[in-house]
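Below: the structure, in structure tokens.
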Amino acid sequence: MKNNYWLLKSEPSTWSWDQMQQKKTTCWDGVRNFQAQKFMNQMKKGDLGFFYHSNIGKEIVGVIKVIREFYPDPTDETGRFGAVDVEAITPFKTPVSLARIKATPALHNLLLIRQSRLSVMPVENEIWEIIYKMGNEA
DNA sequence: GCCAACGTTGGC
DNA sequence: GCCAACGTTGGC
């Protein structure tokens with residue numbers, strides 16, 4: 001079965017791609033949105049995801065991989081929420097900006113555009129291919 | 001179970 | 001810094 005693709009959003013002031021690369025792996029916790037939680041729950045070990053900088057940069061800056069599947073979020077006392085662990089794989093040669101995504105009609109189905117507040121979302125295979133290619137062009 | 005009020009996110 | 005969109009909470 002083919003891997004699923006995802007997009008994870010983070011504010012660089014909270015957790016940036018630089019930190020992600022330095023630390024290599026991190027616990028993706030603190031997500032308090034049920035829709036995002038549902039998607040995290042569907043992540044499988046080995047799934048790949050884009051890492052997006054919101055607010056500052058507003059661009060996809062690299063690729064991460066899921067290394068640990070859904071487990072209870074250590075930062076959540078209520079026990080309602082979960083987390084996953086992810087690992088930095090590769091930075092994009094050319095970050096793919098939100099403006100560019102918006103300017104590309106083939107990418108208009110991306111939930112990033114249609115639901116800007118969602119912080120974890122699935123990415124369709126075709127969209128993954130297009131953005132991945134854009135990111136790796138010099 | 002509905003809905004108003006409130007808080008938060010994120011693009012501009 | 002503003003504002004629109006949306007999710008969550010709590011009263012009924």
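All values below were derived from every heavy atom in this structure, side-chain atoms included, with hydrogens, water molecules and symmetry-related copies excluded. Proteins come first, then strands; the chains are lettered A, B, ... in the order of their sequence lines, and each starts at number 1.
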With no hydrogens and no angle check, just 3.5 Å: does a side-chain donor-acceptor pair link A:Thr78 and A:Arg32? no
Can you tell me how far P of B:dC12 sits from CD1 of A:Ile56, to the nearest Å? 15 Å
Indicate the ring-plane relationship of A:Tyr132 and A:Trp128, choosing parallel, tilted or perpendicular according to the 30° and 60° boundaries. parallel
From CG of A:Leu111 over to P of C:dG7, roughly how many Å is that when rounded to an integer? 11 Å
For A:Thr90 and A:Asn136: C-alpha separation, side-chain torsions, deciding distance, then whether side chain to side chain contact (heavy atoms under 4.5 Å, CB included) applies. CA-CA 10 Å; A:Thr90 42; A:Asn136 285 295; 5.6 Å; no
Closest to side chain of A:Ser116, choosing from C:dT9, B:dT8, B:dG11: B:dG11
Where along residues 32-41 of chain A does a heavy atom fall under 4.0 Å from DNA chain C? A:Arg32, A:Asn33, A:Phe34, A:Gln35
Is there a side chain to side chain contact (heavy atoms under 4.5 Å, CB included) between A:Met134 and A:Thr104 once you walk through the steps? CA-CA 11 Å; A:Met134 282 181 171; A:Thr104 309; 3.5 Å; yes
Nearest listed nucleotide, side chain of A:Gln115, among B:dG11, B:dG10, C:dG7: C:dG7
Roughly how many Å is it from CD1 in A:Ile113 to C1' in B:dC12, rounded to a whole number? 15 Å
Write down the distance between CZ (A:Arg114) and P (B:dT9), rounded to a whole number of angstrom. 23 Å
If you count heavy atoms of other groups shown closer than 6.0 angstrom to CZ of A:Phe70, is the number above 12? yes
Minimum heavy-atom separation for A:Phe39 and A:Trp6, please, with both atom names. O-CH2, 3.6 Å
Distance, rounded to the nearest Å, where A:Met121 contributes CE and C:dG7 contributes P: 12 Å
Please state how far atom NE2 in A:His53 lies from atom C1' in B:dG11, giving the value in whole angstrom units. 16 Å
Rounding to a whole Å, what distance do you find between A:Lys9:NZ and C:dG7:P? 12 Å
Between A:Tyr52 and B:dG11, is there a contact of a side-chain N or O with OP1 or OP2 at under 4.0 Å? yes
Taking atom C1' of B:dG10 as reference, at what distance in whole Å does atom CG of A:Asn55 sit? 5 Å
Smallest heavy-atom separation, A:Phe81 atom then A:Val31 atom, equals CD2-O, 3.6 Å
